**Student:** 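Please read through the structure below; I'll follow up with questions.
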Amino acid sequence: MIRIPFDHSYARDLPDAWAPVRPETPPAPELLYWNAELADELGLETEQASEAELARLFSGADVPEGAQPIAQAYAGHQFGGLSPSLGDGRALLLGEVTDRNGQRRDIALKGSGQTPFSRRGDGKAAVGPMLRELIVGEAMQALGIPTTRALAVTATGEPVYRERPLPGAVLARVAASHLRVGTFQYFAIRGETSMLEKLADYTIVRHYPELAGQDGRHLALLAAVAERQAALIARWMHAGFIHGVMNTDNMALSGETIDYGPCAFMDAHYPGTVFSSIDHQGRYSYGNQPAIAQWNLARFAETLLPLISPEDPAAAVPAATEIVEGFEEQYQRRWLEQARRKLGLEGERDGDQALADDWLVLLAAHGVDHTLAWRYLADEAEGKGERLAALFPSPDALAPWLKQWHARHVPRTRRPPDIAAAMRRENPLYIPRNHLVEEALDAASERGDMGPTLKLLEALRQPFAERGDLERYTLPAEPELAEGYRTFCGT
C-alpha cells in the first residue's frame with residue numbers, strides 16, 4: 001500500500017474536538033480524476049500507483065497506512081439560525097501532511113459515509129456535486145483565489161438517493177485546515193473556555209504563527225482572520241463568484257474558500273444574483289457577501305471574548321467590536337486595490353472609488369456580462385473597443401463612462417499595449433460558465449463521460465491567456481438557459 005507520511009496534530013492537540021470514524025467501503029471504486037500536480041506538491045509518492053490503488057485509497061475502501069480517520073466537531077449559524085452541533089456529517093479527516101513548501105495540509109474524504117454527526121443523513125455524495133467542487137476549486141486556484149482543492153474524485157459504484165438515484169462518489173479534499181468559525185462556536189456554546197483557548201492557540205500556531213505566545217494574541221487572532229477574509233471576499237467579488245451558503249461553519253479561519261455546494265459564477269452583473277436553490281430570501285446573494293462575512297466575523301468575535309478578557313468578557317466587547325466594524329474599511333481597501341489594477345490605473349486618486357463603482361452600476365443597468373466586460377475593457381486601452389461596445393445596447397450607454405476612464409489615464413507613463421497587457425493579467429477570460437459546468441456534470445453522471453469535465457478544466461487552468469480554439473468557453477449561456485438557474489448542495 002502507498003505510504004503517506006501523515007501527522008495528526010488536530011487529533012493530538014484537540015482531543016475533545018472530534019470523534020473516531022471509519023469510512024464505509026464502496027463496492028466498486030473507480031478513479032474519475034486524479035490531480036497528479038497537487039499530489040506532487042504535497043510530496044506524495046504515488047507515481048508508481050495504479051488507478052485501482054488510488055481509487056481504493058481515496059474512496060475509503062483502503063484506509064492509508066498511518067491515517068487516523070476522524071470526524072471534526074463544529075456548530076454553525078445556518079441561514080442565520082444557530083445549530084449547536086453539526087460536525088462532519090459526510091466527511092472525515094485522514095490526517096495532515098507537510099507539503100514541499102513546508103506547509104501543513106489536511107487530506108480529507110467527503111462522501112465516505114455516516115459519522116457520529118450525520119444525524120439522519122447517509123453521509124454519501126453524488127458524482128455531480130463532487131465534480132462541481134473539483135471544477136470550481138481548480139478554477140479558483142488558477143484565478144489566484146485561496147481555496148481548498150480536489151486531490152481525487154472516485155466513483156463508488158453504488159447509487160445515492162436524493163430526488164432520484166444518482167451515481168455515488170467520494171472527493172479527496174486538501175485544505176490548509178478545516179478550522180471554521182463554527183469550530184469555535186461549538187465550544188463557546190458549551191462554555192468550555194479551556195478548550196476554546198486550546199483551539200485558539202492551535203489555530204494561531206497553524207495559521208498565524210507570528211502571534212504565538214504574545215500577550216493579546218486572541219484579539220490579534222480576530223484581527224488577522226478579519227484581514228484574510230477581507231482579502232478573500234474582495235477576490236470573490238471581482239471574479240463574480242457566489243459561494244451560495246456562507247454559514248459560519250463554511251468560513252475557514254485559514255482564509256481559504258471552502259465547501260463548494262450551491263456555488264456559481266455570475267454571467268450578467270447583478271448584485272442580487274442568487275444561485276442556491278435553498279436561499280429563498282437572498283441572504284447569500286452576490287452583493288450581500290461582504291456584509292455576511294462581517295456578520296460571521298462578529299460571531300467569531302463573540303467566541304473569543306472570554307479569551308481576550310478572562311476576568312470580564314464584557315470588557316473585551318469594545319476592542320472586538322472595533323475590529324469587526326473595521327472589516328468594511330479593510331474589505332473596501334482590498335477591493336479598490338484590485339479594481340485599480342483591473343481598470344489599468346496608475347497610482348491612487350480620490351475619484352477612483354467612484355469610477356469603479358460607476359462601472360459596476362453601468363454593467364448592472366444594462367445586464368452586461370461581468371467577466372467579458374472587465375476583460376474587453378483592456379481592448380479599449382489599445383483603442384480597439386469593438387468587442388466591449390458589442391456588449392452594450394448602444395455606444396451612447398458606454399461613452400460617458402469611457403470618457404472619464406480615459407481621462408483618468410492622463411498623464412500616462414505606460415504605453416497602451418503595456419496597460420492592456422497588465423489589465424489582461426488581472427481580468428480572466430475563462431471562468432466556469434454555469435451551462436458548461438452543467439454540461440460536464442451531466443455527461444459524467446448520466447453517461448460516465450469525463451471528457452467534458454477534463455476539457456473544461458484544461459480551459460480553466462490558464463484563465464488569463466486567450467486561446468482561439470476555446471471560444472465556446474468564453475461565452476455566457478443563452479438568456480433562456482441562464483434565467484432561473486439554480487445549484488444544489490448535494491446532501
Side-chain angles (χ1 to χ4, degrees), residues 1-15 17-72 88 90-113 115 123-125 130-131 133-134 137-138 141 146-157 168-179 202 205-207 252 254 256 258-259:
M1 183 183 295
I2 301 162
R3 188 179 182 283
I4 300 173
F6 282 120
D7 190 25
H8 304 283
S9 68
Y10 183 93
R12 186 170 58 246
D13 295 352
L14 303 168
W18 54 271
V21 64
R22 299 289 290 185
E24 296 183 23
T25 303
E30 178 185 356
L31 193 67
L32 299 180
Y33 178 82
W34 173 246
N35 195 332
E37 178 187 356
L38 179 56
D40 180 68
E41 182 181 313
L42 296 172
L44 307 184
E45 297 180 0
T46 57
E47 295 85 354
Q48 305 305 315
S50 67
E51 287 195 2
E53 288 178 287
L54 294 172
R56 292 189 61 80
L57 199 66
F58 293 105
S59 67
D62 292 334
V63 176
E65 181 183 347
Q68 181 182 338
I70 61 172
Q72 295 180 312
D88 287 330
R90 58 170 178 162
L92 59 83
L93 176 64
L94 291 173
E96 306 140 16
V97 298
T98 301
D99 68 17
R100 295 189 185 277
N101 296 317
Q103 300 300 309
R104 184 178 293 268
R105 312 273 287 276
D106 283 358
I107 300 180
L109 300 183
K110 185 174 181 178
S112 53
T115 78
K124 302 295 181 65
M130 298 304 93
L131 290 180
E133 184 150 345
L134 160 68
E138 289 304 288
Q141 171 72 16
T147 182
T148 59
R149 298 183 67 187
L151 177 61
V153 179
T154 306
T156 61
V170 173
L171 171 81
R173 179 166 68 190
V174 175
S177 81
H178 287 79
L179 294 162
Y202 178 83
V205 168
R206 185 147 181 186
H207 295 302
S254 64
E256 287 185 334
I258 192 171
D259 281 334

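What you see is a predicted model, and the numbers here were worked out from it, not measured in a lab.
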**Student:** Any non-hydrogen side-chain atom of Asp40 less than 4.5 Å from a side-chain atom of Arg100?
**Tutor:**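 Yes; the side chains approach each other to less than 4.5 Å.
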**Student:** Please give me the minimum heavy-atom distance between Leu44 and Leu151, naming the atom from each residue.
**Tutor:**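 Looking at all heavy atoms of both residues, the closest pair is CD1-CD2, 4.0 Å.
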**Student:** Do the charged groups of Asp88 and Lys110 touch, with an N to O distance under 4.0 Å?
**Tutor:**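 Between Lys110 and Asp88 there is no salt bridge, as every charged N stays at least 4.0 Å from the carboxylate O atoms.
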**Student:** Atom CZ in Arg105, atom CG in Asp7: separation rounded to 0.5 Å?
**Tutor:**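 The CG atom of Asp7 is 15.5 Å from CZ of Arg105, to the nearest 0.5 Å.
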**Student:** Would you say Asp99's side chain and Asn101's backbone share a donor-acceptor pair under 3.5 angstrom?
**Tutor:**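 Side chain of Asp99 to backbone of Asn101, a donor-acceptor pair under 3.5 Å: yes, one is there.
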**Student:** Counting C-beta onward and ignoring hydrogens, is there a side-chain heavy-atom pair between Arg173 and Asp259 closer than 4.5 Å?
**Tutor:**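 Of all side-chain heavy-atom pairs linking Asp259 with Arg173, at least one is under 4.5 Å.
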**Student:** About how many Å separate CZ of Arg12 and CD of Gln68, when rounded to the nearest 0.5 Å?
**Tutor:**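 Answer for the CD-CZ pair, Gln68 versus Arg12, is 9.0 Å.
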**Student:** Keeping Tyr10 on the side-chain end and Leu179 on the backbone end, is there a donor-acceptor pair under 3.5 Å?
**Tutor:**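 Not a single qualifying donor-acceptor pair exists.
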**Student:** Using the side chain to side chain contact (heavy atoms under 4.5 Å, CB included) definition, which of the options Leu134, Leu42, Leu38 pairs with Arg149?
**Tutor:**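 Going through the options one by one, the only one that passes is Leu38.
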**Student:** Got a sec: does the CD of Glu47 have more than 12 other heavy atoms crowding it under 6.0 Å?
**Tutor:**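 More than 12 heavy atoms, drawn from other residues, nucleotides or ligands, come within 6.0 Å of this atom.
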**Student:** For the residue pair Ala61 and Pro29, what are the closest heavy atoms and their distance?
**Tutor:**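 Heavy-atom minimum between the residues: CB-CG, 4.2 Å.
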**Student:** Step by step, work out the side-chain contact (heavy atoms from CB on, under 4.5 Å) result for Val153 and Glu133.
**Tutor:** CA-CA 10 Å; Val153 179; Glu133 184 150 345; over 6 Å; no
**Student:** Please tell me if the side chains of Leu93 and Trp18 come closer than 4.5 Å, counting only heavy atoms from C-beta onward.
**Tutor:**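 Heavy-atom side-chain distance check fails, nothing below 4.5 Å.
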**Student:** Search all heavy atoms of Leu57 against all heavy atoms of Pro64 and return the closest pair with its distance.
**Tutor:**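 Reported closest heavy-atom pair: CD1-CG, 3.6 Å.
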**Student:** Roughly how far apart are Arg56 CZ and Leu31 CG, rounded to 0.5 Å?
**Tutor:**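 Reported value, rounded in 0.5 Å steps: 13.0 Å.
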**Student:** Report the C-alpha distance between Thr156 and Glu24 in whole Å, list the side-chain angles of each, state the deciding distance to 0.1 Å, and finish with yes or no for side-chain contact (heavy atoms from CB on, under 4.5 Å).
**Tutor:** CA-CA 10 Å; Thr156 61; Glu24 296 183 23; over 6 Å; no
**Student:** Rounded to the nearest 0.5 Å, what separates atom OG in Ser112 from atom CG in Leu171?
**Tutor:**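 It comes to 10.0 Å.
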**Student:** Which heavy atom of Ile258 sits nearest to which heavy atom of Ala252, and what is that distance?
**Tutor:**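 Closest heavy-atom pair between Ile258 and Ala252: CG2-CB, 3.9 Å.
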**Student:** Which one of Arg206, Glu256, His207 satisfies the side-chain hydrogen bond (donor to acceptor under 3.5 Å, both in side chains) criterion with Ser177?
**Tutor:**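 By the side-chain hydrogen bond (donor to acceptor under 3.5 Å, both in side chains) criterion, Ser177 pairs with just one of Arg206, Glu256, His207: His207.
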**Student:** Under the side chain to side chain contact (heavy atoms under 4.5 Å, CB included) test against Leu94, which residue among Asp106, Ile4, Ile107 passes?
**Tutor:**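 Output: one option passes, namely Ile107.
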**Student:** Roughly how far apart are Asp62 CG and Leu54 CG, rounded to 0.5 Å?
**Tutor:**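 Going from the CG atom of Asp62 to the CG atom of Leu54 covers 11.0 Å.
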**Student:** Where is the tightest heavy-atom contact between Leu109 and Ser59, given as atom of each residue plus distance?
**Tutor:**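 The answer is CD1-C, 4.2 Å.
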**Student:** Going by heavy atoms in the side chains, are Thr148 and His178 under 4.5 Å from each other?
**Tutor:**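 No, too far: nothing below the 4.5 Å cut-off.
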**Student:** Which atom names give the shortest non-hydrogen contact between Ala91 and Thr115, and what distance separates them?
**Tutor:**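 So the minimum-distance heavy-atom pair works out to O-CG2, 3.6 Å.
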**Student:** Do Asn35 and Glu41 come within less than 4.5 Å of each other through their side chains, counting heavy atoms only?
**Tutor:**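 No. Closest side-chain heavy atoms not under 4.5 Å.
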